[in-house]
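FYI, the numbering just counts along the sequence from 1.
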Amino acid sequence: MKLKFILSSVLVAGSVCVFAQKKPLDHSVYDGWQSVGSRKISNDGKWVGYNIDPQEGNSKLYLSSPKSKSSLEFPRGSKLSFTSDSKFALFSIKPFFKDIKAVKDKKLKKDKLAKDTLGIVNLFTQKIEKIPNVQSFKSPEKGGAWMAYLMENMKDKTATPDAKDDDADDKKDDDASTKPSDLILVNLLTGKKTTYENVVRYQFSENGKQLIFVTQKPEDKDKDKKDNKKPEKKDKSAPVKYALQTVNWVDIEKGTVNKLTEGEGNFSQLTFDELGNKLAFIGTLSAKNDLVKDYQLYYFSQNAKNTVVNNKHTNLPKGWVVSENRAPIFSKNGKQLYFGIAPKPIAKDTTLIANDHAIVDVWNYKDDYIQTTQLKNMGKDLKKSFGAVFQTDKPEVFRSLGDDNTDTIRLINEGNSSYVLGSSNKGSRIQSQWEGSDRKTYYLIDNINGNTTEVVKELNGSAVASPLGRYIVYFDREKGNWYSYSVATKTTTQLNKNLSVSFTDEEFDMPDKPYAYGIASWTDNDESVIIKDRYDLWEFFLNGKKAPRNITNSYGRAHKITFDTYNLDKDIKSMNRRKSMYISAFNNVTKADGIYETSIVSGKDPKEVYMGDIWGFKTLMKAKNADEYIFTKESYVKSPNLFATSDFKEQTQLSDTNPQQAQYNWGTDELVNWTTPKGYQSTGVLFKPENFDPNKKYPMIVYFYEKLSENLNRYVAPAPTPSRLNISYFVSNGYLVFTPDISYNEDGHPGRFAVEYINSGVEYLKKNPWVDGNHIGIQGQSWGGYQVTHLITQTDMYAAAWAGAPVANMTSAYGGIRWGSGMNRQFQYEKSQSRIGKTLWEARDLYIENSPLFHFDKVNTPVVVMANDKDGAVPWYQGIEMFTALRRLGKPVWMLNYNGDDHNLIKRQNRKDIQIREQQFFDYYLKGAKAPAWMTKGIPATMKGKDWGFDLTDEKP
């Protein structure tokens with residue numbers, strides 16, 4: 001394989017003297033450490049666009065042509081798109097990061113911030129045009145070189161929403177508060193521009209032949225002054241009308257504009273059919289301050305009668321209305337229009353005085369979901385809508401799809417089918433409290449008459465329709481089998497009948513039924529489905545008339561390689577059985593990653609194309625109209641970079657991230673294999689400093705969470721930790737880091753198996769003279785935090801321990817709430833990760849055995865606990881129970897509560913803080929460094945926010 005590099009900077013980085021003394025990583029390096037961000041390849045494959053993102057700071061956009069070796073770069077470029085003809089690149093240039101941060105930090109209005117600039121690059125001439133003050137831009141997905149952009153309204157300086165994160169910008173096209181401004185329609189080939197004034201939102205048809213936009217009459221704030229009138233005092237209860245809005249349909253090729261509707265209202269969710277001949281949107285003419293607004297579905301067609309569906313329509317169920325919370329969707333063939341309906345919302349009584357009424361949640365044992373779940377989902381439930389459909393040749397008649405017991409409906413054959421797939425978990429909602437998942441009944445709903453046909457009842461598993469909708473394929477977890485349901489014959493066939501191979505997770509070690517490896521792909525004409533076992537790919541014929549085939553010829557199982565297919569074109573829903581295809585490959589023994597080639601009908605072993613001690617082929621992307629590919633490659637030693645190729649034999653490196661890594665003492669990683677005391681085989685990964693000297697002794701930190709050895713070839717960027725171990729930092733600073741895999745060979749003893757695997761792996765490594773057996777620490781987060789907490793009750797072999805968000809008491813956590821979802825935690829112990837497998841009343845002894853709280857009197861290991869008061873997964877009082885118990889027993893313990901932060905730290909300033917504390921804690925106990933003040937004296941509440949306690953002292957904790 002030949003490797004080419006499109007940038008010359010690697011030569012500079014490579015020229016750094018390898019003999020120079022490399023420095024250890026420090027906490028100042030994080031913000032500038034880079035990653036490959038969003039990436040795209042043009043449809044013709046000649047250009048690649050990608051972002052190089054620092055952890056904090058200004059991103060940079062690159063446009064590279066692998067064949068011509070051309071490269072352009074744009075500081076602060078983002079939101080790249082290529083036109084469908086591959087002739088132009090479009091992107092935004094954001095304001096400086098420091099300016100965005102200043103606006104957020106000072107909570108200023110967004111109009112205080114510089115506006116985005118639109119960048120347009122002609123990819124043939126490489127001429128660049130920059131247009132300032134652009135609020136958004138769009139180009140049709142398949143419409144050649146047309147584009148449109150909406151300017152910022154620079155005249156209206158009235159209040160705008162407070163600054164929010166960048167993602168908010170993507171939503172403001174449908175924001176009713178968007179200020180009207182100029183929309184510019186551009187033919188990029190000719191340069192011709194057409195301006196439409198006072199536009200608030202717009203949308204292209206997919207083929208780029210049509211454009212819809214909504215105009216809004218600007219508010220005249222000076223009208224009273226012009227009329228010499230004194231401003232009237234406003235009656236807050238009086239109806240406040242929307243500004244006048246007009247919906248306009250532009251035939252781009254003809255240049256004509258057709259006014260569709262107009263009114264003092266709000267029109268949004270603009271949707272074309274694929275050919276651009278039909279249009280739908282949602283609108284309201286209610287008053288702006290109405291608590292409950294009436295919405296209407298507007299349907300327009302160039303070839304048929306136009307229709308408005310409103311709340312007076314006779315086909316609506318009684319008391320139901322058109323929903324504004326579901327965008328209308330056309331079927332791919334344009335013959336059906338799907339939209340949302342819902343029970344009419346009940347207006348809140350604004351006349352009630354809050355202090356005169358109780359505020360109470362009523363918990364009832366008959367409720368489908370407990371109150372915490374209901375409250376967590378309340379916003380979503382208030383916006384919940386249900387499907388409806390009409391035939392576009394007869395829009396006056398429509399059919400509701402399901403009712404308030406319907407959880408979801410899924411369109412079949414991209415909406416072309418005469419039915420949809422519905423599901424309902426009614427009847428199994430209460431037991432989801434302890435089962436952790438719902439049992440669903442799946443049924444087909446006829447779009448014409450509304451009749452339902454049951455496919456499978458109370459399925460513990462999942463069901464999906466084949467691409468053309470002729471079959472429903474589902475997996476039954478209870479039986480561990482795959483089934484195919486024929487829509488035409490209403491018969492069910494077991495697909496994996498009489499096969500000895502398992503299609504469920506062979507390593508599943510929780511007290512529940514294992515999950516399937518899943519569906520990989522479908523073949524053309526709904527002939528067959530490709531399903532995965534642990535290693536290989538199998539073809540099952542959906543009518544059940546042909547025997548299943550192992551299309552990878554059992555090569556995967558023989559070589560312990562896991563294969564999977566790619567979906568490289570979202571428009572291609574199924575695969576040609578005879579056509580050659582690439583499949584991803586992962587070696588479960590060596591952890592090598594790569595790509596193979598085969599065809600579904602070949603009957604031969606798949607052919608290796610590339611395998612390496614890297615990770616990245618899951619990221620493979622293909623140009624739509626050319627055999628050109630991009631992908632990332634990384635290893636623990638090599639920072640992730642983007643590559644381009646035509647055949648994988650010759651790979652062109654496009655990016656060069658983190659050349660500064662060469663200045664630092666990095667590290668190496670290697671697999672470690674050992675046998676546990678009970679004879680179980682286990683694997684882990686050992687990280688060593690780059691300047692490792694076998695004649696020295698090194699302190700070691702052991703970090704664990706389930707199984708981590710599959711990450712052998714993953715890059716671990718130095719970054720402030722969300723509460724896990726920053727492996728790169730500690731290795732660079734002279735520590736060994738060990739990450740052992742943990743298996744659970746029987747239910748009910750999760751703590752015991754943590755001891756079995758972790759301690760035995762550590763003992764195995766301690767046999768090496770370069771491991772300092774007296775200075776070993778352990779660190780874990782969440783489930784890993786629980787295991788840390790349990791281990792220190794079982795052994796004194798660790799000199800220091802750090803437990804993030806641990807459960808200390810399974811008996812009290814059992815009845816607790818996962819505040820992130822509102823779910824009760826019982827399922828966690830009976831069916832899931834905590835692995836008890838029985839209720840608290842069936843197995844009190846197991847809950848006590850596995851609850852460290854009851855054994856804290858045996859602890860002799862200093863420990864830090866992180867427990868945050870907004871933890872959405874583990875109740876933070878678990879950390880309090882741990883801290884107060886160990887404190888009562890006189891054990892050295894510290895607790896960190898990052899106010900308002902989550903299970904894994906979200907706020908970057910908190911991540912930076914915990915990284916420093918973690919380093920200082922382990923340096924003290926494992927390296928003999930000085931202790932910081934937060935460990936020796938603490939930080940009184942009166943000094944909170946004034947003194948962080950990082951100063952090193954001569955005192956002992």
Side-chain angles (χ1 to χ4, degrees), residues 43 81-88 90 136-150 173-174 183-190 192-196 199-215 245-262 267-283 296-309 326-339 389-395 411 413-417 569-573 624-625:
N43 285 346
S81 66
F82 291 108
T83 54
S84 61
D85 61 5
S86 303
K87 294 179 180 178
F88 296 88
L90 314 172
S136 68
F137 68 88
K138 295 178 183 179
S139 63
E141 188 173 345
K142 300 176 182 177
W146 287 98
M147 74 162 299
Y149 56 89
L150 186 63
D173 287 346
D174 282 332
L183 177 70
I184 316 298
L185 175 65
V186 187
N187 184 323
L188 292 167
L189 291 176
T190 66
K192 181 181 177 181
K193 296 182 179 181
T194 305
T195 300
Y196 304 101
V199 175
V200 290
R201 59 187 63 89
Y202 62 104
Q203 184 62 50
F204 278 107
S205 63
E206 187 177 280
N207 60 15
K209 295 181 178 181
Q210 312 294 329
L211 173 71
I212 189 79
F213 66 86
V214 180
T215 61
Q245 286 194 350
T246 306
V247 183
N248 305 274
W249 187 337
V250 181
D251 186 313
I252 294 176
E253 294 178 341
K254 296 178 181 178
T256 58
V257 181
N258 182 21
K259 183 190 294 185
L260 300 182
T261 191
E262 187 174 69
F267 304 100
S268 63
Q269 309 211 59
L270 312 170
T271 307
F272 279 105
D273 75 329
E274 185 176 39
L275 297 178
N277 296 327
K278 298 166 184 175
L279 170 71
F281 54 89
I282 302 294
Q296 302 178 125
L297 170 72
Y298 294 80
Y299 165 65
F300 292 86
S301 172
Q302 294 180 345
N303 307 310
K305 179 181 177 182
N306 301 326
T307 299
V308 176
V309 177
R326 181 183 296 210
I329 300 174
F330 285 97
S331 59
K332 187 175 178 63
N333 60 18
K335 293 182 178 180
Q336 300 185 103
L337 177 62
Y338 298 87
F339 59 101
V389 63
F390 66 67
Q391 310 305 306
T392 54
D393 60 346
K394 294 182 179 179
L411 305 189
N413 190 12
E414 299 182 84
N416 290 344
S417 294
D569 188 334
K570 68 181 183 63
D571 291 328
I572 298 176
K573 309 300 180 182
K624 188 173 184 64
N625 303 322

More than 12 heavy atoms of other residues, nucleotides or ligands under 6.0 Å from NZ of Lys624: yes or no?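 Yes, because the 6.0 Å sphere around NZ of Lys624 holds more than 12 heavy atoms from other groups.
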- request: Using distance alone, with no hydrogens and no angle criterion, decide if Gln336 and Gln391 have a side-chain donor and acceptor under 3.5 Å apart.
  value: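 A pair is found: one side chain offers a donor N or O, the other an acceptor, under 3.5 Å apart.
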Closest non-hydrogen atom pair, [X] against [Y]:
X      : Y      : value
Ser331 : Tyr338 : CB-CE1, 4.3 Å
Ile252 : Gly208 : CD1-O, 3.3 Å
Asn306 : Ser301 : OD1-N, 3.0 Å
Leu189 : Ala145 : CG-CB, 3.7 Å
Ala148 : Tyr202 : O-OH, 3.9 Å
Val257 : Asn248 : CG1-CB, 3.9 Å

query = Between Tyr299 and Phe390, does the ring centroid distance fall short of 6.0 Å?
reply =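 Yes; Phe390 has its ring centre under 6.0 Å from that of Tyr299.
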- Message: Measuring centre to centre across the rings, with the benzene-like ring taken for any Trp, is Phe300 within less than 6.0 Å of Phe281?
- Response: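 For Phe300 and Phe281, the ring centres are under 6.0 Å apart.
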Item to check | Check against side-chain contact (heavy atoms from CB on, under 4.5 Å), Thr194 and Val250 | outcome: CA-CA 11 Å; Thr194 305; Val250 181; over 6 Å; no
Is the backbone N or O of [Y] less than 3.5 Å from a side-chain atom of [X], with the two atoms forming a donor-acceptor pair by type?
X      : Y      : value
Lys209 : Glu206 : no
Asp273 : Lys278 : yes
Asn43  : Ser86  : no
Gln269 : Ala327 : yes
Thr261 : Val247 : no

Under a 4.5 Å cut-off applied to non-hydrogen side-chain atoms, are [X] and [Y] in contact?
X      : Y      : result
Thr271 : Phe330 : yes
Lys142 : Asp571 : yes
Leu183 : Leu211 : yes
Val200 : Phe267 : no
Val214 : Ser268 : no
Thr83  : Leu90  : yes

### Task
Start with the C-alpha distance between Leu279 and Leu260, add both sets of side-chain angles, then the distance that settles side-chain contact (heavy atoms from CB on, under 4.5 Å), and finish with yes or no.
CA-CA 10 Å; Leu279 170 71; Leu260 300 182; 3.3 Å; yes
How many angstroms lie between [atom1] in [X] and [atom2] in [Y], if you round to the nearest 0.5 Å?
X      : Y      : atom1 : atom2 : value
Phe204 : Ile212 : CZ    : CD1   : 12.0 Å
Ser81  : Glu141 : OG    : CD    : 11.0 Å
Leu275 : Gln302 : CG    : CD    : 10.0 Å
Ile184 : Lys193 : CD1   : NZ    : 7.5 Å

### Task
With side-chain contact (heavy atoms from CB on, under 4.5 Å) as the test, would you mind laying out the steps for Asn187 and Trp146 before giving the verdict?
CA-CA 5 Å; Asn187 184 323; Trp146 287 98; 3.6 Å; yes
Fill in: Worked verdict on Gln210 versus Asp251 for side-chain contact (heavy atoms from CB on, under 4.5 Å)
CA-CA 5 Å; Gln210 312 294 329; Asp251 186 313; 3.8 Å; yes
If the threshold is 4.0 Å, N to carboxylate O, is there a salt bridge linking Asp393 and Lys335?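 No.
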| Which of these, Phe213, Phe272, Tyr298, sits in a ring-ring contact (aromatic ring centres under 6.0 Å, His included) with Trp249? |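 The ring-ring contact (aromatic ring centres under 6.0 Å, His included) with Trp249 is passed solely by Phe272 among Phe213, Phe272, Tyr298.
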